[in-house]
Colleague: 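A single structure is presented below for examination.
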Amino acid sequence: MQSETVTLSNISFEEYKDQILRDYKIAIISRECSLLGRREVLTGKSKFGIFGGGKELPQLAMARVFRDGDFRSGYYRDQTFMMAIDQYTVEQFFAGLYAHTNIEKEPFSAGRQMGGHFATQSLNEDGTWKNLIKQKNSSSDISPTAGQMPRLLGLAQASKVYRNEKSITDSSNFSNQGNEVAWGTIGNASTSEGLFWETINAAGVLQVPMVISIWDDEYGISVHAKHQTTKEDISLILEGFRRDKDHEGFEIFKVNGWDYAALIDTYEKAEKLARESHIPIIIHVKELTQPQGHSTSGSHERYKNEDRLNWERKYDCNKKFKEWIIEYKIATTEELLEFEKAAKKEVRKGKNEAWNAYLSEIKSEQKDALEILKLVENKSSNKNFISPLVKSLSSKNEPIRKDILEATRKTLRYITKEKFEEKLILQKWVNNYIATIQPKYSAHLHNETESGAVHINEVKPEYDENAEIVDGRVIIRDNFDSLFSKFTDILIFGEDSGKIGDVNQGLEGLQEKFGEIRVADTGIREATIIGQGIGMAMRGLRPIAEIQYLDYILYCIQGLSDDLATLRYRTFAKQKAPLIIRTRGHRLEGIWHSGSQMGGLIHLLRGIHILVPRNMVKAAGFYNTLMDSDEPALVIECLNGYRLKEKMPSNLPETRTPIGVVETIKEGTDITLVSYGSTLRLVEQAAKELLSAGINAEIIDIQSLLPFDLNHDIVKSVAKTNRLLIIDEDVSGGGTGYILHKLIDEQNIYQYLDSKPQTLSAQPHRPAFGTDGDYFSKPSIEDIYEKIYEIMNEVNPVKYPELR
C-alpha cells in the first residue's frame, strides 16, 4: 500500500482531514470537467479538447507547496493544479473550451488559446505591473512540445538575481529576497525534446530554484516510452545530473503518481530545498494514467492493450486516493459518494452557465443583425435571394459570429445597385460590427497604450564642434555603461558577453564595473539564453539576451516566435516580457555566417520589433528608446560597424532612435533608394558614383522593419522621384518582398510610379566564403549602380545609353 504518513505541518487532525477532503473534491471536479469537456467537443460545441484526467493527485501535491510569488511554467494537463491554487473555476474551464472572447469570463487568453492553456494576470488595466509576490502566478502556456522549458529557466533565475544582486533598488512587486520557486511541468515523452535537455543543463550550471515535475504515463500520444527514452526511465538517465558532495547539480526524486501521501512528502522536501537553498529539483512522477487518451482526436483503446487498460483502471489516481481516504477513515464511502454527486452537479451547473454566457453575447448580436436584415429584405427587389439568408440565420439556435457576417455581407452583394435607407443602415452596421468584433481576435499584438515603443519621441544626436572620432564599439559600450548606471534592473548575458566584453568589445569593462550577475557569460545554448530573458522579463527585470551572430537566431527561433512574440497577444495584454535581444549581422562571411534570414524573421516574429540600425549611434538610440518602453525587440547591429569611425554625440544617453520611422539620409530627384543596415553604405557609394552620370538618387534608411514606416514617408519620396528601388542582402523575395508589399498594399505607392518598382537582393543561395564570395553572392556597388542606371535607361535611353 502507499506510504502511511502525511506531514501534518503543525495542523490539527480536523484541519488535516478538511485539507484532504478539499483535495478530493478538487480532484473529482477536475475529472468531471475533463469527462464533460470531452462530450462538449464531440457534440460540436468546441473544436478540440485536451484534458488533465489522470494527473490530478501530483498536481494537488504541487499546489500544496506553491506559494504567493511563485511561478508556474507548464503545459495543458495542469488543470487540477490551477483549480487547487484557486486560479481556475469550472465556468472558466468551459469558457476556455468554447473560446469565449470576454477576458472576464475566460481570463487566461479571452478565447485566443485552446482550452488547457493557463495563465494568471500580471498586469493592471493600464499595462503596469501588479504586485506579483502577493499572488500565485502562472506564465502563459504554449502548445509547442517542451517550449515551456526555456522560459522556466528564466523564471527561476529571477529569484537568484533578486536574492544576490544588491544593486537592484526596487523589487517590492516582484520578489521577497529571492524566495520564490519556479515550478515546471512536462510530459515524460516531451523530455525527448532538445529544449528539455538544454534547460536541464543550464539550470544545473546556474543553480536556480526550479522544480520540474515530469508526468509519466508511459506514452507520448500513442507512442510508448520504449520509443521515447533510453532505458524507458527519464530519471534514471538523468542521474548524471544528480548533485553529490563534490559537484553541484540536481536533486532527483521519484514517486508514484497514485500515492497521495508519498506525493505530499516528496513535494514538501523538494520545495524546501529549492526555496531555501536554490537547488534545482526533478520530480519524476511515475505510474500515472491518461484515461481519456491524449485528446479528443482519438481513443487510447487504439494503442493500449487490455492488460494496460486494466492496470490503468486499477491505478487511476483518483480511485487510489478514494481507497486511501476510506482505509485511513478520513471519510466513509457514503460521504465520498455525496462528494461525487455534488461535484457532478457543480460541473454541470458551471458548464451551463459558461455556455449561456458565451451564447448570450452572440445571440444578442444575431438579433440586431436580423432586425436590419428583415428591413432590407422587405425593401429590396432581390428579396428572393436575401430571404434564404435571413431564414438560415434565424434558424441558428447556437450561432457563431461567422454566421452573422456571412448573412449580412452576402446580403450587401445583392443590393449593391439599389438605393434605400435600410441599405445604408446595414452597411453602417456591418462596418461597425467588424470594427467592434475584430479586436476581440486581433488586438494587443503590441503595447497599445501610450507607453508603447512607437510613442517614444526621437531625440537626435548632438555633436560638439570638436567631437571625438571613435570606433563604433566605443559608442555602444559607453551607452550600455550609461544604461546600466541608470537602470539597476538591466542585465545582459550571452556567449562571451561577460569577461571579454563580447566578441567585439561592445561591453568592454562592464562586467568588472557592474558585476558577474548583471553582465554574464553563458554556455553555447541560444534557446535557453532566450528563455532566461523571457522568464526574467516576466518577473520585472530588464534583460538583454545576446545572441552572438544573427545566424544563431535559428537555434532559438521557436521560443522567439511561439513564446515571446505571442505573449502579449495570447494573454489579451495581461502578461508582458520586455526582453531585448541583441545580435549582430549584415555582410557576414560565408554560408553559416551570412546574416540573410531577414525575410524569415520578419514573418516569424510578428509581435517583436525588428530594428536594423545602420551605425552604432542609431543602435544606442534604439536601446535607449526600448528602455523607456516595455516591449520586446530584436536589435541587429552591423557587424562591420564596430571598427568604423563615428562621431561621439555629446548627448549620447539622451538620444532616442524612433521606432517605425524611416530617415532620409540623402535627398535626390530621380529615384528613391530604400535599404537598411550595412548595405546602406554600398548604396551611398553607388549613389555618389551615379552623380557623375547625371543621376541624383534619394536614399532612405528603413531603420525599423517591424514596425515599418508608420508615417508613410517613403511614399512622399516616391511622389517626388516617381521611381523606386529596394536593396537588401536577403534572398530574393525575402526582406525586399515584404517591403514592397508594405509600400504597394498599405502605402498605395503605385499611383506615383512612372517605372516598375524593383528590388535588388542577394542570390537565392547562401553566400560563398571570402570577399569574392560576398561580391558574387550579394549586391555589390556595381550591381546597385547598374540596376539604377538600367531603370533610368528605360526612362531615357538617349540620356542613359546601355552600359553593357
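Note that this is a predicted model, so its numbers are computed, not measured.
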Colleague: Any side-chain donor-acceptor pair under 3.5 Å between W183 and D70?
Modeller: yes
Colleague: Any side-chain donor paired with an acceptor under 3.5 Å for N504 and R584?
Modeller: yes
Colleague: Within the structure provided, determine whether E631 and S451 are in side-chain contact (heavy-atom separation under 4.5 Å).
Modeller: no
Colleague: If you measure from CD on Q575 to OG1 on T120, what distance do you get to the nearest 0.5 Å?
Modeller: 5.5 Å
Colleague: Decide side chain to side chain contact (heavy atoms under 4.5 Å, CB included) for T655 and K460; before the verdict, give the C-alpha distance in whole Å, the side-chain angles of both, and the deciding distance to 0.1 Å.
Modeller: CA-CA 6 Å; T655 59; K460 293 184 177 181; over 6 Å; no
Colleague: Could you tell me whether the side chains of Q703 and T657 share a donor-acceptor contact shorter than 3.5 Å?
Modeller: no
Colleague: May I ask you to check whether D502 and S497 show a side-chain donor-acceptor distance below 3.5 Å?
Modeller: no
Colleague: Tell me whether the count of non-hydrogen atoms from other residues, nucleotides or ligands lying under 6.0 Å of OH in Y549 goes above 12.
Modeller: yes
Colleague: Does D141 come within less than 4.0 Å of R570, counting only side-chain N to carboxylate O?
Modeller: no
Colleague: Should S122 and W129 count as side-chain neighbours, where that means a heavy-atom distance under 4.5 Å?
Modeller: yes
Colleague: When the ring planes of H446 and H609 are compared, do they come out parallel, tilted or perpendicular, using 30° and 60° as the limits?
Modeller: parallel
Colleague: Can you tell me if CD on E667 sees more than 12 non-hydrogen neighbours from other groups inside 6.0 Å?
Modeller: no
Colleague: Indicate whether the side chain of N137 and that of R539 have a donor and an acceptor atom separated by less than 3.5 Å.
Modeller: no
Colleague: Quick one: CD on E637 to CD1 on I476, what's the gap to the nearest 0.5 Å?
Modeller: 4.5 Å
Colleague: Apply ring-ring contact (aromatic ring centres under 6.0 Å, His included) to Y642 and list each qualifying residue two or more places apart in sequence or on a separate chain.
Modeller: none
Colleague: Looking only at heavy atoms, which two atoms of L611 and L706 are closest? And how far apart?
Modeller: CD2-O, 4.2 Å
Colleague: Between E663 and K618, is there a side-chain N and carboxylate O pair less than 4.0 Å apart?
Modeller: yes
Colleague: Would you say E165's side chain and S167's backbone share a donor-acceptor pair under 3.5 angstrom?
Modeller: yes
Colleague: Taking atom types as modelled and ignoring hydrogens, do the side chains of R582 and Q548 form a donor-acceptor contact shorter than 3.5 angstrom?
Modeller: no
Colleague: Can a salt bridge be assigned to the pair D471 and K645 using a cut-off of 4.0 Å between side-chain N and carboxylate O?
Modeller: yes
Colleague: Do T528 and E198 have side-chain atoms, one donor and one acceptor, less than 3.5 Å apart?
Modeller: yes
Colleague: Rounded to the nearest 0.5 Å, how far apart are OG1 of T488 and CG of D170?
Modeller: 8.5 Å
Colleague: So, does E746 use its side chain to make a donor-acceptor pair with the main chain of H741 at under 3.5 Å?
Modeller: no
Colleague: Can you confirm whether the side chains of Q532 and R525 place a donor and an acceptor under 3.5 Å from each other?
Modeller: yes
Colleague: Can you tell me if S73 and R151 form a side-chain donor-acceptor pair at under 3.5 Å?
Modeller: yes
Colleague: Rounded to the nearest 0.5 Å, how far apart are NE2 of H278 and CG of N179?
Modeller: 6.5 Å
Colleague: Using side chain to side chain contact (heavy atoms under 4.5 Å, CB included), reason through L605 and S561 one step at a time and then give a plain yes or no.
Modeller: CA-CA 5 Å; L605 302 186; S561 181; 4.1 Å; yes
Colleague: Please check if any side-chain donor atom of S761 sits under 3.5 Å from a side-chain acceptor atom of T759, or the reverse.
Modeller: no
Colleague: Closer than 3.5 angstrom, by distance alone: can the side chain of D521 be matched with the main-chain N or O of E495 as a donor-acceptor pair?
Modeller: no
Colleague: Give a yes or no on this: more than 12 heavy atoms of other residues, nucleotides or ligands lie within 6.0 Å of atom CD of E654.
Modeller: yes
Colleague: Going by distance alone, is a donor N or O of one side chain under 3.5 Å from an acceptor N or O of the other, for N479 and Y623?
Modeller: no
Colleague: With rounding to the nearest 0.5 angstrom, report the OG1 to CD distance, T736 to E729.
Modeller: 11.5 Å
Colleague: Can R568 and D630 be counted as an ion pair, charged N to O under 4.0 angstrom?
Modeller: yes
Colleague: Ring centroid separation for H444 and F572, is it under 6.0 angstrom?
Modeller: yes
Colleague: Using 30° and 60° as the class limits, which term best fits the ring planes of F241 and W197: parallel, tilted or perpendicular?
Modeller: tilted
Colleague: Please evaluate residues Y676 and D701 with respect to the criterion side chain to side chain contact (heavy atoms under 4.5 Å, CB included), reporting the C-alpha separation (whole Å), side-chain torsions for both, the decisive distance (0.1 Å), and the verdict.
Modeller: CA-CA 5 Å; Y676 58 89; D701 178 7; 4.2 Å; yes
Colleague: State whether K574 and E125 are salt-bridged, where the test is any N-O pair (Lys NZ or Arg NE/NH1/NH2 against Asp/Glu carboxylate O) under 4.0 Å.
Modeller: yes
Colleague: Looking at E458, I'd like to know if its CD atom is crowded, meaning that more than 12 non-hydrogen atoms belonging to other residues, nucleotides or ligands lie closer than 6.0 Å.
Modeller: yes
Colleague: Do E698 and T672 get their side chains close enough for a donor-acceptor pair, meaning under 3.5 Å?
Modeller: no
Colleague: Report, as yes or no, whether the 6.0 Å neighbourhood of atom CG on L554 holds more than 12 heavy atoms from other residues, nucleotides or ligands.
Modeller: yes
Colleague: Could you go through the side chain to side chain contact (heavy atoms under 4.5 Å, CB included) check for I492 and E546 one step at a time?
Modeller: CA-CA 7 Å; I492 193 165; E546 183 167 317; 4.1 Å; yes
Colleague: Side chain of N624, backbone of L652: donor and acceptor closer than 3.5 Å?
Modeller: yes
Colleague: Roughly how far apart are R542 CZ and R518 CZ, rounded to 0.5 Å?
Modeller: 12.5 Å
Colleague: With a 3.5 Å distance limit and no angle check, can you tell me whether R477 reaches the backbone of G506 through a side-chain donor-acceptor pair?
Modeller: no
